[in-house]
2 protein chains.
Amino acid sequence: MGGKKTTITNHIKRIRLARTDLTQSELARRVEATRQTILALEAQKYAPSLELAFRIAYVLGEPIEEVFIFDSSDMEARV
Amino acid sequence: MGGKKTTITNHIKRIRLARTDLTQSELARRVEATRQTILALEAQKYAPSLELAFRIAYVLGEPIEEVFIFDSSDMEARV
DNA sequence: ATTTGATGTAAAGTATTTTTTACATAAACA
DNA sequence: TGTTTATGTAAAAAATACTTTACATCAAAT
């Protein structure tokens, strides 16, 4: 039950379906992760490692910022 | 001694010194990490989480791909 | 000379991500 | 009908990232 309110969401599923004909399994194989990991990420369970994020963006053919959305409103205002 | 040969390197130190006058401690405080984490990252000990990578790039004022370099030659060739 | 700030090494513990395994449901189709 | 493919839930174990604590070195400044 690990869960922190991550400030990152992703568009993996949308992009995977819109821009590729990859299944979750095929995407997993290409990025060298497991199907469960892709499934969990698409369900926004947690954010991937930086390396996996790069691999996924690479395979989906999008820049990382298009696939993974960082909400910077958590930041700001720091002296 | 956890260590995998990461395919990711970073330019945190170079950019921090060239574009800001932040110390490791100040950068750590702004991204809400510890100084040890920044130190380890600058020493290329491991890659940060995606969230921390976004935060660091944000504070350094650079896109994430400019700060963190992914070597995609590990990828490619996958049927 | 000694204090202060910045950087560095080290290592144990905590938190988070990823894998592994097992089982469920629904659609497509022989 | 029964088999295969794709997606889903669940949970324990393994791997990796991060924190916490402690101490070391060097440069700058008082």
Side-chain angles (χ1 to χ4, degrees), chain A residues 1-60 64 67-71 74-75 78-79, chain B residues 1-60 64 67-71 74-75 78-79:
Chain A
M1 293 207 165
K4 176 190 164 191
K5 48 182 154 296
T6 181
T7 59
I8 294 179
T9 54
N10 71 74
H11 297 153
I12 297 173
K13 185 164 197 169
R14 188 209 300 164
I15 296 171
R16 174 173 63 85
L17 295 175
R19 305 212 11 171
T20 80
D21 60 347
L22 298 173
T23 63
Q24 290 178 340
S25 294
E26 285 167 343
L27 175 57
R29 198 178 86 269
R30 293 216 196 173
V31 301
E32 293 182 276
T34 64
R35 183 177 69 88
Q36 298 310 327
T37 297
I38 301 301
L39 186 50
L41 293 177
E42 289 192 348
Q44 317 291 333
K45 293 277 177 60
Y46 48 75
S49 66
L50 179 59
E51 178 162 355
L52 184 53
F54 265 118
R55 287 174 180 263
I56 291 171
Y58 181 83
V59 168
L60 293 182
I64 205 168
V67 183
F68 300 95
I69 308 305
F70 171 61
D71 180 9
D74 281 15
M75 304 275 303
R78 191 136 255 105
V79 181
Chain B
M1 294 242 156
K4 177 189 166 191
K5 46 182 156 295
T6 181
T7 60
I8 294 179
T9 53
N10 71 75
H11 295 153
I12 297 173
K13 185 165 197 167
R14 187 210 299 165
I15 297 171
R16 175 173 63 83
L17 295 175
R19 305 211 9 168
T20 78
D21 60 347
L22 297 172
T23 63
Q24 291 178 340
S25 295
E26 285 167 343
L27 175 57
R29 198 177 88 268
R30 294 217 196 173
V31 300
E32 293 183 275
T34 64
R35 183 176 69 87
Q36 299 309 327
T37 296
I38 300 302
L39 186 50
L41 295 176
E42 289 192 348
Q44 318 291 333
K45 291 279 176 57
Y46 50 75
S49 66
L50 179 59
E51 177 162 355
L52 184 53
F54 265 118
R55 287 173 179 263
I56 291 170
Y58 181 83
V59 168
L60 293 183
I64 205 168
V67 183
F68 300 95
I69 308 305
F70 171 61
D71 180 9
D74 281 14
M75 303 275 304
R78 189 137 258 105
V79 182

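Letters A, B, ... mirror the listed sequences (proteins, then strands); counts begin at 1. Basis for what follows: all heavy atoms, side chains included, without hydrogens, waters or symmetry-related copies. A quick note: this is a predicted structure, and the numbers were derived from the prediction, not measured.
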So, the side chain of A:N10 versus the backbone of A:L41: is there a donor-acceptor pair under 3.5 Å, distance only? yes
Of the nucleotides C:dT9, D:dT9, C:dT18, which one has an atom closest to the side chain of A:K45? D:dT9
Contact summary for A:E42 and A:K13, nearest pair of heavy atoms: OE2-CA, 3.4 Å
Could you state the CD-P distance from A:E32 to C:dT20, rounded to the nearest angstrom? 12 Å
If you only use heavy atoms from C-beta on, which nucleotide in C:dT7, D:dC18, C:dA10 is closest to the side chain of B:L39? C:dT7
Which whole-number value in Å describes the distance from B:E51 CD to D:dC18 C1'? 12 Å
Please step through salt bridge (charged side-chain N to carboxylate O under 4.0 Å, His left out) for the pair B:R30 and B:E26, ending with a clear verdict. CA-CA 6 Å; B:R30 294 217 196 173; B:E26 285 167 343; over 6 Å; no
Taking atom P of C:dT16 as reference, at what distance in whole Å does atom CG of A:L50 sit? 18 Å
Atom pair distance, as rounded to whole Å: CD in B:E42 and P in D:dA17: 17 Å
Evaluate the side-chain proximity of A:L60 to A:H11: yes if any heavy-atom separation is below 4.5 Å, no if none is. no
Would you mind classifying the nucleic acid contact of B:A43 as base, sugar-phosphate or nothing, using non-hydrogen atoms under 4.0 angstrom? nothing
Nucleotide C:dG8, atom C1' - distance to CD of B:Q36 in whole Å: 8 Å
Side-chain contact, heavy-atom cut-off 4.5 Å: A:M75 with B:V59? yes
Across the strands shown, which category fits A:A40 at heavy-atom distances under 4.0 angstrom: base, sugar-phosphate, nothing? nothing
Contact check, side chains of A:D74 and B:R55, non-hydrogen atoms, under 4.5 Å: yes
Protein-nucleotide distance (A:R29, atom CZ; C:dT19, atom C1'), rounded to Å: 18 Å
Would you say B:S25 places a side-chain N or O within less than 4.0 Å of OP1 or OP2 belonging to C:dA6? no
Which parts of residues 13-24 of chain B get close to DNA chain D, meaning a heavy atom less than 4.0 angstrom away? none
Which residue lies toward the 5' end of DNA chain C, B:S49 or B:R35, if each is placed at its nearest nucleotide? B:R35
CD1 of B:I38 versus C1' of C:dT9: gap in Å, rounded? 17 Å
Using whole Å, report how far CG of B:N10 lies from C1' of D:dA17. 14 Å
Return the nearest nucleotide to the side chain of B:L41; candidates are C:dT18, D:dA22, D:dC18. D:dC18
Considering residues at least two apart in sequence or located in another chain, which fulfil the side chain to side chain donor-acceptor pair (under 3.5 Å) criterion with B:S49? none
From D:dA17, C:dT19, D:dG8, pick the nucleotide closest to the side chain of B:A47? D:dA17
Can you tell me which nucleotide in C:dG8, D:dT19, D:dC18 comes closest to the side chain of B:T34? D:dT19
